[in-house]
J.: 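My structure is below; once you've seen it, I'll send some questions.
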Amino acid sequence: MSIQGIIKKDKKTKKLINRINQGDIALICHKDLDELAAIALKESKVKCIINTEKTISGKYQNLGPSILLEAGIPIYETKDVYIFDLIAEGEIVEIDKNKLLLNNKPIADCYLLDNTKISELMKIALRNTEKELDKFIDNTLEYAKKEKEIILGYIDIPETQTRICGKHVLIVARGKDYKKDLKAIKMYISEIKPVLIGVDGGGDALLESGYIPDIIIGDMDSVSDKCLKITNEIIVHAYKNGKSPGLERINNLGLESTV
């Protein structure tokens, strides 16, 4: 099978989604491709995926690859990470007989992740589930200890400009089936008019459904500039040491925010 198309690349899949077009080849670096990323790639109608990471590492069962294969989107893996620097976005590449070609010259080996391979990896992942769940529980308890000051209310939280007290609040994260969820509660939003809070890309989820977020909160790494510019209030996440990675982006856009 030979596949040819325009490369769109990003080491963060959620950033790539905003600029990929139908028929493009997506070059990603996404270990354990998750369901949400796969759905977004499927909806973008990409021609195929080239992943420089293990699409299924075997640590846990991730449904992303199965979603793409069901949609008829081939997934290729390559260990040659250097191709991110070698291929410029917008260049045309070809995949032929497990070779990635640029200007008709092979630049990397790549291998198709078919149904048989996915089934094998998912069986391995199933056997690892208990071990990974133990790690997840320990990790959750560790973070609960670190952040107990926030949980117990010992850290001052700045007041929002948006009035929340006494109102319904709808918090939207762009997770699995978010479109169906927003459609299902359309009447509730229309009648109750809750305060609409988008968590990063959740702001764009609201926009897609015809709503303007009252507040955007998060690291600002997956929400669009358009959404940030029309929302009423922006709250940027910061760490306990005061570092706020998303603040620079907000300042560059000339927008006001609360940290």
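We're numbering straight along the sequence, starting at 1.
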J.: Do Leu69 and Ile118 make a side-chain contact, defined as non-hydrogen atoms from C-beta onward lying under 4.5 Å apart?
T.: yes
J.: To the nearest 0.5 Å, what is the distance between OG on Ser66 and CD1 on Ile56?
T.: 6.0 Å
J.: Supply the atom-to-atom distance Asp200 CG to Ser224 OG, rounded to the nearest 0.5 angstrom.
T.: 11.0 Å
J.: Could you name each residue pair satisfying salt bridge (charged side-chain N to carboxylate O under 4.0 Å, His left out) that touches residues 61-89, not counting sequence neighbours?
T.: Arg19-Glu89
J.: For residues Leu196 and Leu182: do they belong to one hydrophobic cluster (side chain heavy atoms under 4.5 Å, members Ile, Leu, Val, Met, Phe, Trp, Tyr)?
T.: yes
J.: Verify, without hydrogens or angle tests, whether Asn62 (side chain) and Gly64 (backbone) share a donor-acceptor contact under 3.5 angstrom.
T.: no
J.: Quick one: which residue pairs count as a salt bridge (charged side-chain N to carboxylate O under 4.0 Å, His left out) with a foot in residues 102-128, not counting sequence neighbours?
T.: Lys99-Asp109
J.: Do Glu233 side-chain atoms and Gln161 backbone N/O form a donor-acceptor pair below 3.5 Å?
T.: yes
J.: Glu191: what forms a salt bridge (Lys or Arg N to Asp or Glu O under 4.0 Å) with it, not counting sequence neighbours?
T.: none
J.: Identify the heavy atoms of Ser190 and Lys193 that sit nearest to each other, and give their distance.
T.: O-NZ, 2.9 Å
J.: Is the shortest side-chain heavy-atom distance between Pro106 and Leu100 below 4.5 Å?
T.: no
J.: Please check: side-chain N/O of Glu208 versus main-chain N/O of Ala205, any donor-acceptor pairing under 3.5 Å?
T.: no
J.: Is Leu63 linked to Leu68 within one hydrophobic cluster, defined over Ile, Leu, Val, Met, Phe, Trp and Tyr using a side-chain heavy-atom separation of less than 4.5 Å?
T.: yes
J.: Are Ile49 and Ile6 in one and the same hydrophobic cluster, where Ile, Leu, Val, Met, Phe, Trp and Tyr link if side-chain heavy atoms are under 4.5 Å apart?
T.: no
J.: I'd like to check the salt bridge (Lys or Arg N to Asp or Glu O under 4.0 Å) partners of Lys8; sequence neighbours left out, ordered by chain and number.
T.: Asp24
J.: If you take all heavy atoms of Ile189 and Tyr211, which pair is closest and at what distance?
T.: CG2-CE2, 3.5 Å
J.: Can you pull the ring pair (Phe, Tyr, Trp, His ring centres under 6.0 Å) pairs that have at least one residue in residues 227-254, sequence neighbours excluded?
T.: His237-Tyr239
J.: Once rounded to the nearest 0.5 Å, what's the spacing between atom NZ of Lys97 and atom OG of Ser2?
T.: 9.5 Å
J.: For a quick test of reading the model, state the closest non-hydrogen atom pair linking Asp204 to Cys227 and the distance between them.
T.: OD1-CB, 3.5 Å
J.: Which pairs would a plain distance check flag for residues 128-137, meaning a side-chain donor or acceptor within less than 3.5 Å of a matching protein atom at least two apart in sequence or in another chain?
T.:
from   : atom 1 : to     : atom 2 : distance (Å)
Asn128 : ND2    : Gly58  : O      : 2.6
Thr129 : OG1    : Ala125 : O      : 3.2
Thr129 : OG1    : Leu126 : O      : 3.1

J.: Test of understanding: with salt bridge (Lys or Arg N to Asp or Glu O under 4.0 Å), list the residues that count as partners of Glu43, not counting sequence neighbours.
T.: Lys179
J.: Taking atom CZ of Arg174 and atom CD1 of Ile17, what is their separation to the nearest 0.5 Å?
T.: 8.5 Å
J.: Distance to the ring centre below 6.0 angstrom and angle to the axis at most 45 degrees; does that hold for Lys9 and Phe84?
T.: no
J.: Grab the two heavy atoms, one from Tyr178 and one from Ala173, that are nearest each other, plus how far apart they are.
T.: CB-O, 4.0 Å
J.: If hydrophobic residues (ILVMFWY) are linked whenever their side-chain heavy atoms come closer than 4.5 Å, directly or via other members, who joins Met220 in its cluster?
T.: Ile216, Val223, Leu228, Ile234, Val236, Leu247, Ile250, Leu253, Leu255, Val259
J.: If I compare all heavy atoms of Pro213 with all of Gly203, which pair ends up nearest, and what's the gap?
T.: CG-O, 3.7 Å
J.: With a 4.0 Å cut-off, would you call Asp225 and Arg249 a salt bridge?
T.: yes
J.: With a 4.5 Å cut-off on side-chain heavy atoms, are Ile95 and Ile50 touching?
T.: yes
J.: Tell me the closest heavy-atom pair linking Leu101 and Asp96, and the distance in Å.
T.: CD1-CB, 4.2 Å
J.: Do the side chains of Leu86 and Ile92 join up, straight or via other hydrophobic residues, at under 4.5 Å, putting them in one cluster?
T.: no
J.: Please set out all donor-acceptor pairs under 3.5 angstrom arising from side-chain atoms of residues 25-40, sequence neighbours excluded.
T.:
from  : atom 1 : to    : atom 2 : distance (Å)
His30 : ND1    : Thr13 : OG1    : 2.7
His30 : NE2    : Asp34 : OD1    : 3.0
Asp32 : OD1    : Ser57 : N      : 2.7
Asp32 : OD1    : Ser57 : OG     : 2.9
Asp32 : OD2    : Ser57 : OG     : 2.9
Asp34 : OD2    : Leu36 : N      : 3.1
Asp34 : OD2    : Ala37 : N      : 2.9

J.: Under the salt bridge (charged side-chain N to carboxylate O under 4.0 Å, His left out) definition, can you give me all pairs with a residue in residues 210-223, not counting sequence neighbours?
T.: Lys14-Asp221
J.: Please round to the nearest 0.5 Å and tell me the distance separating atom OG of Ser44 and atom CG of Leu16.
T.: 8.0 Å
J.: Do you reckon Leu113 sits in the same ILVMFWY cluster as Ile3, going by side-chain contacts under 4.5 Å, direct or chained?
T.: no
J.: Checking one residue: Val199. Which other hydrophobic residues are in its cluster under the side-chain 4.5 Å linking rule?
T.: Ile164, Val169, Ile171, Val195, Ile197, Ile215, Ile217, Ile235
J.: Verify the neighbour count for atom CG of Asn104: are there more than 12 heavy atoms of other residues, nucleotides or ligands below 6.0 Å?
T.: no
J.: Is there a side-chain contact between Thr78 and Tyr111 (heavy atoms, below 4.5 Å)?
T.: no
J.: Start with the C-alpha distance between Val46 and Asn21, add both sets of side-chain angles, then the distance that settles side-chain contact (heavy atoms from CB on, under 4.5 Å), and finish with yes or no.
T.: CA-CA 7 Å; Val46 294; Asn21 299 312; over 6 Å; no
J.: Residues in side chain to side chain donor-acceptor pair (under 3.5 Å) with Thr231, at least two apart?
T.: none
J.: Please test Ile83 against Thr52 for side-chain contact (heavy atoms from CB on, under 4.5 Å), starting from the C-alpha separation and ending with a verdict.
T.: CA-CA 9 Å; Ile83 61 175; Thr52 61; 4.2 Å; yes
J.: What distance do Arg163 atom CZ and Thr160 atom OG1 have between them, rounded to the nearest 0.5 Å?
T.: 10.5 Å
